[in-house]
Structures are given as structure tokens and as C-alpha cells.
There are 2 protein chains.
Amino acid sequence: MGNTPPVGRKVTLSDIAAGCDVSRATVSLVLRGSPLVNKHTRARVEEELRRQGYVYNRAAANLRRRTSSSIALVLNDLANPFFAEFAAGVDEVLGNTGYVTLLGSTGESTERELAVLGSLMEHGPAGIILSPAEGSDGQQVLAAVGSQTPLLLFNREVGGDLAACDHWDRLFLDNQRGARLATEHLIAQGHRRIAFYGGHLGSSSCQQRRAGYHEAMKAAGLSVEANWMIECMPNRLDAVAQSEHLFAGREAPTAAACYNDAVALGLMLGLHQRGLQPGRDFALTGFDDIAEAAVSAPPLTTLAVTPRARGRQAAELILQRLQEPSAPPRQTIVPVQLLVRASSCPPHA
Amino acid sequence: MGNTPPVGRKVTLSDIAAGCDVSRATVSLVLRGSPLVNKHTRARVEEELRRQGYVYNRAAANLRRRTSSSIALVLNDLANPFFAEFAAGVDEVLGNTGYVTLLGSTGESTERELAVLGSLMEHGPAGIILSPAEGSDGQQVLAAVGSQTPLLLFNREVGGDLAACDHWDRLFLDNQRGARLATEHLIAQGHRRIAFYGGHLGSSSCQQRRAGYHEAMKAAGLSVEANWMIECMPNRLDAVAQSEHLFAGREAPTAAACYNDAVALGLMLGLHQRGLQPGRDFALTGFDDIAEAAVSAPPLTTLAVTPRARGRQAAELILQRLQEPSAPPRQTIVPVQLLVRASSCPPHA
DNA sequence: CTGAAAGCGCTTACAG
DNA sequence: CTGAAAGCGCTTACAG
């Protein structure tokens, strides 16, 4: 009585059992809140748990019970505020549910993605939330994660043979509708020569946004010049670098629907460098509504996607899947909302 | 031969051993790359591992070996780009070293911080990287994490009795020097009435930055008015809201050293709302060099802290600590670098 | 070079 | 209501 186990070793169930003369089974029942155990015994055990500073070893319990208490969250770009907010939302819900988030960041590299998934799988996550890297292949991802662990695909589709991964749940933004809304808005402002700027054709979200753009242009009877469709990396830096191409042809556009906010902000810089003032000489829209969209000069018209709420939603979807492993796969398309700000001005006189 | 274990059950060492008629011990040796095992046997085992799609159960191995392969990363605000970049840096290094990152986000709540730490501890991380919530208490954190698990304190000091936690490693920015550099720069531009704007006195980093500011002001023989020292939440929104207080006194400042970039960007908005043009009518500096600092209008003079590199450094520090558990605690102060941009203009004529 | 046995810290039927 | 025993998937001395 009163003695603690040697320092440097963690306190285990056995230490507690020995400390208050009950069996390990009884301590385990107390820990798991079983009603089977006598009030008085429970009190003694709980006191001893406190006294020795017991820390539950969840890994051991998971091993015995063949359960898991972790969810893997694999993101193509954690440094992007959109995904950072998303991760915060995921972690918020998981934390409240007793799950721990295993984080993996792939830096938009498909090689690293496979390595990260392989490494995380060894920790036996109950489920996986994956925002795939650009060019990620469904077959390879499937090979890395196996078919036992539920996976929720977020934000973009993977490439390759989708039949093999049609059991995955999906959570996507309504990219096409978003880009259509933005383009329609530019058209309503009076623009006729409208570019679609940025993103990579390799990514499904870029294809969808371009489709929305084309839809709006077609519906308005507007034609699209080849040099109005510019690809660039979905970040600010490359957006600045490529912006000259917008003005390479005869018919320079007066507005651009941009792939995302980062690209739009980069384009603003590029416009400045050409002596054009965005929001006066040239109209543009973004996508994402990242924090800086509201405070750029001019403020950026964009599409709100509320990434934190998406994160919460993703966590809830994967938790639901754990409840009903055999329910049919669910594909959720999240509507996005157009926020009109000063950057989408009417054409300059 | 050729039969796979029933679907739905994971493949284990025993399945592999049975599949190629060796003992589990031998398979284990193959997995761990032991030179003891015969070339031919190794080849057979490796083929069988592939064939059955074996996935190593690291949790079980950790249990047996009494080791851990995870590091807990607990952040006060993951949605903040500074911490998101930091997390990406941490994960980059840990991923390359075979560790997995257990993510925890506290949303600047000390209550949640303790809950998150308690929950993560049950997963037995080898070490903890903690960027504490504002007002976090050292004793309570210590009680939550115990004294067995190495902890690296990042970004800010905890409160309370520090003697109890002087065995923790620390990685801090040189806040005082950074704020001094910014203030000296404003003075060199010709400003005399310089405010220190934003942050909470509860946070050690705010105190340090204020100290650097006072140091520069004192060295230049400049006095400081009470209404030049404004507290606000370290985000854009509250920075806008509080900005009127800067101009409440008789002696309005002509410049402000801001607590961080978010606050500086918020102040810019507040200035605009008063009809003042930042970078012409009022000079300001930030702290952090977040992505938007370079693209705000005007671009923001700030202090580069390279959060991603800090993340990598934090991961390396904690890994070193795991190598040498009994080395004396290390406190690392990271120098910061002043980036001069257009927002820190000379006083308006 | 390979195998039998014990054990990491837990949980869960099964007796009593 | 409580305890003895087996077992989750691995590793590690120890024999042979």
C-alpha cells in the first residue's frame, strides 16, 4: 500500500489491480464504466487510478478488441489555408468523438502520397480522409490502403479506373456550378471577352470549373479564344508568372474567372505590373473565399466554400461510414455561394 | 498453398508464416531486415508477404517493444497560416523518419488543450510538440502529459510555476529583437509618434514584442502615450474593430508596429475606413510574413519567421531529444528578419 | 540459421 | 459481483 511502481515505467492495469487487491479484469471493467462492478470496489479502484496517475493505453486496448481509434487525414497541401481550415474542422469533430487524427501531408506529390498512405496504414486507422494530390491514381491509392479501410475522397476525383474505387465515399464542391455563377456574374456586369485563368487540366476540379465557365459562355452566346484559357499552378507565384499570356493574342480579355483565390490574387499582381488596375481596368473572380479575399485591394469576388464546415462534414461522413460499413457509397456535392465584391467591376469605359 | 485468409480479417504474421512454412519469428526477422535469415528463406517470405498483401501492425510491434512511433502535435490555431505552415514542416520531417503525426487543435482554449493532451497521451506518443493556447498553465499541462514524455514548447511560454516544467525543450522566435527592428525602422523613416498595436498581454510573445518596441523607443529618446498601446485579439477582425482607439487621444500616432500580420492587415482596413491610406498617410509593420503580406495593398513590411522551417526544426529537436533523453533541456531562440516593403512609408507631409 | 515460448497492456467470455 | 485464463499481433531472448 502507498508504494508506486518504479519511475520510468508506465503505470499499467496490473499496478492498479495490485494496488487495491482486485483482479485486472475488475479494473478494466471500472475503466470501461461497466455497471457490473460494486460501488465500493469502483470507488477504491478509481482512487487508486488517480493515486498512481494511470494513463489508459488505448493501443493495447485496440489490439485486443480489434478496433481502432484513429482516422488518417491525408492532404495534398496543408499549407494552403483552405486545407488548413478543413483540417481544423476535421480535428474538431474527431477530437470530440474520441478519435485521434493521424496527419499526413503529401505536398501535391503522388509518390509521397503513396508513401504516406502506406505508413499511416501501419497504424491501422479506422478510416481515411484523402484529398488526393494532382494526378493521383485510384488503383495505386487502392493498392496502398486496401479495401478494408473506409476512405472518403475529398475535393477532387482520382484518376485511372474508377470502377475499382466506386465503393469510396466522396465529398466534392459543386465546382461546375460555382464557376458558372462567377462567369454569369461577369457576363451580367457587361463583359464579353472573359478568360478562364489558372489551374491544371490534370485536376478534376479544374476541369469542372472550366466546364461551368464554358456552360455560361455558351448560354450567353459568347465565343472563347484559345489564349483565354491559361493553365498555371494553383498558387499565387505561378499565377503572376503566367499572367502575360492572357494578353498575348489579338483579343485581350476584359475579365477572368480564376481557378481559385490564390491564382486571382496572383493575377492581380500581374495586372498591376502591366499597369492595369484590377477592379477598374480588368474584372476578376476567385474561388474558395480564403481569408485574404475580403481584404485584398480590391476585395475579391469569389465563391464561399466554408472549408471548416467541410472538414466537420467530412469527419461526420467518415464516422457514419464506420457505423454502417455496408451502406451504399455516398457522393455529396456541396453547393457554393457567390460573394460579389469590388474586383468584378463592369468593363472600363 | 495459394489460399488467402478469409476476407474481412487482416493478414497477420501467422498467416505469412503458415503460408510459407516457417515460424512467426522468422517472418518477424525478415520484416525487420535482420541479416540472420537465409537468403532463400527471405525471398520466399517476401514473396508471401506480397502475395497476401500483408500490412505491418505497428501498434502491436510498439506494444511488444515498448516503443512508440508517433509524435503529438498540438496547436493553438491550426487555421492560422503560420501554424498550418509549421504543421506542414513538422509532418514533412516526421514522415521521413517513420513517425506519424498525431494532430490536435485547441482553438486557443486552455480547457480543450488539456482534453486534447489527455486524449493524445492515451495513444502513447513518443514526444509532444505544443504551441500552447493563450493563458495555458504549465502545471496543468504537466499534469496532463506526465513527466515521462518529452515535450517541446513552441512559440510561447506557458504560465504558472515554470520550475516544474524547466525540463521541457523550447523553441521560440526572437520576438523582442523582431519588434525592436521594426520599431527602429519606423524611427529611421522619420516617425516619432509610433504605436504598438494588437495582441494580448496574456501572451508571452506579445509581452516580448512590446518590450522590443519599448527598447527602440527608449533608445531613440521617444515617449510613448497610453493610447498608443492597444490590445486586440491577434486576428484581422478584432484589429479592424479596435483601430479607432488609436486615434482617441490628443496625440494621434503616425505609425504603428503591429503585433502580427493579421492585425496589421486588419488595421489597414480600419485606416481605410477612416479615410487614411496605409503606406502614405500612416506607416505600419507586421510580424510573421504570412503569404498575404507580400500582396496586400500596400505590401506589408514585416518580420520573416519562416514557419515551415520552424516546423522542420521543431521536429528535429524533438527527435534529438528522443535520442538523448537525459541531455540538458535546450532553449532555442530563432532570429527573425526584417522585410522592408511599402507599408512602412516616411511620415506624410 | 530457425523455432518454441513468453510477454507487451489490455479485454472478454467463462466459471464461480 | 469478481477472478483465472486466453488471446489481440507482434518481438526477443533462448535453445537447438
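To find a chain, count down the sequence lines: A is the first, B the second, and so on, and within it residues start at 1. Heavy atoms only: backbone and side chains are in, while hydrogens, waters and symmetry mates are out.
- Nearest-nucleotide mapping onto DNA chain D: of Leu36(A) and Ser14(B), the residue sitting toward the 5' end is Leu36(A).
- Proximity of Ser28(A) to the phosphate of dT11(C): a side-chain N or O atom is located under 4.0 Å from OP1 or OP2.
- When each of Arg65(B) and Arg42(B) is assigned the nucleotide of DNA chain C with its nearest heavy atom, Arg42(B) is the one assigned upstream, toward the 5' end.
- In this model, the phosphate group of dG3(D) is approached by a side-chain N or O of Ser23(A) to a distance below 4.0 Å at OP1 or OP2.
- The interatomic distance linking Leu63(A) (CG) with dG7(C) (P) rounds to 17 Å, in whole Å.
- Here Ala61(A) lies in heavy-atom contact (under 4.0 Å) with sugar-phosphate atoms only.
- The interatomic distance linking Arg58(A) (CZ) with dG9(D) (C1') rounds to 19 Å, in whole Å.
- Residue Arg32(A) is in sugar-phosphate contact alone, with no base atom involved, counting any heavy-atom pair closer than 4.0 Å across all strands shown.
- Taking atom CG on Leu49(B) and atom C1' on dG9(D), their separation rounds to 14 Å, with Å as the unit.
- Relative to the side chain of Thr26(B), the nucleotides dT2(C), dG3(D), dT12(C) differ in distance, and dT2(C) lies closest.
- Ranking dT11(C), dT11(D), dT2(C) by closeness to the Thr41(B) side chain, first place goes to dT2(C).
- Between the CG atom of Leu13(A) and the P atom of dG7(D) there is a distance of 19 Å, rounded to whole Å.
- dA4(D) is unpaired under the criterion used here, namely a Watson-Crick or G-U wobble arrangement in which both key atom distances are under 3.5 Å.
- Between the CZ atom of Arg66(A) and the P atom of dT12(C) there is a distance of 12 Å, given to the nearest Å.
- We find that NZ of Lys10(B) is positioned 21 Å from P of dG7(D), with the value rounded to whole Å.
- Counting non-hydrogen atoms of neighbouring residues, nucleotides and ligands closer than 6.0 angstrom, the CD atom of Glu111(A) reaches no more than 12 such neighbours.
- Looking at Arg58(A), its side chain never comes within 3.5 Å of a backbone N or O of Tyr56(A) through a donor-acceptor pair.
- With distances taken from any side-chain atom of Tyr56(A) to the nucleotides dG3(D), dT11(C), dT12(D), the minimum falls on dT11(C).
- Of the possible donor and acceptor atoms, none in the side chain of Arg50(B) sits under 3.5 Å from a partner among the backbone N and O of Gly53(B).
- Salt bridge present: Arg156(A) and Glu108(A) bring a charged side-chain N and a carboxylate O closer than 4.0 Å.
- Side-chain atoms of Arg51(A) never come within 3.5 Å of backbone atoms of Ile16(A) as a donor-acceptor pair (strictly under, hydrogens ignored).
- The separation between Arg64(A) atom CZ and dG9(D) atom P is 10 Å, rounded to whole Å.
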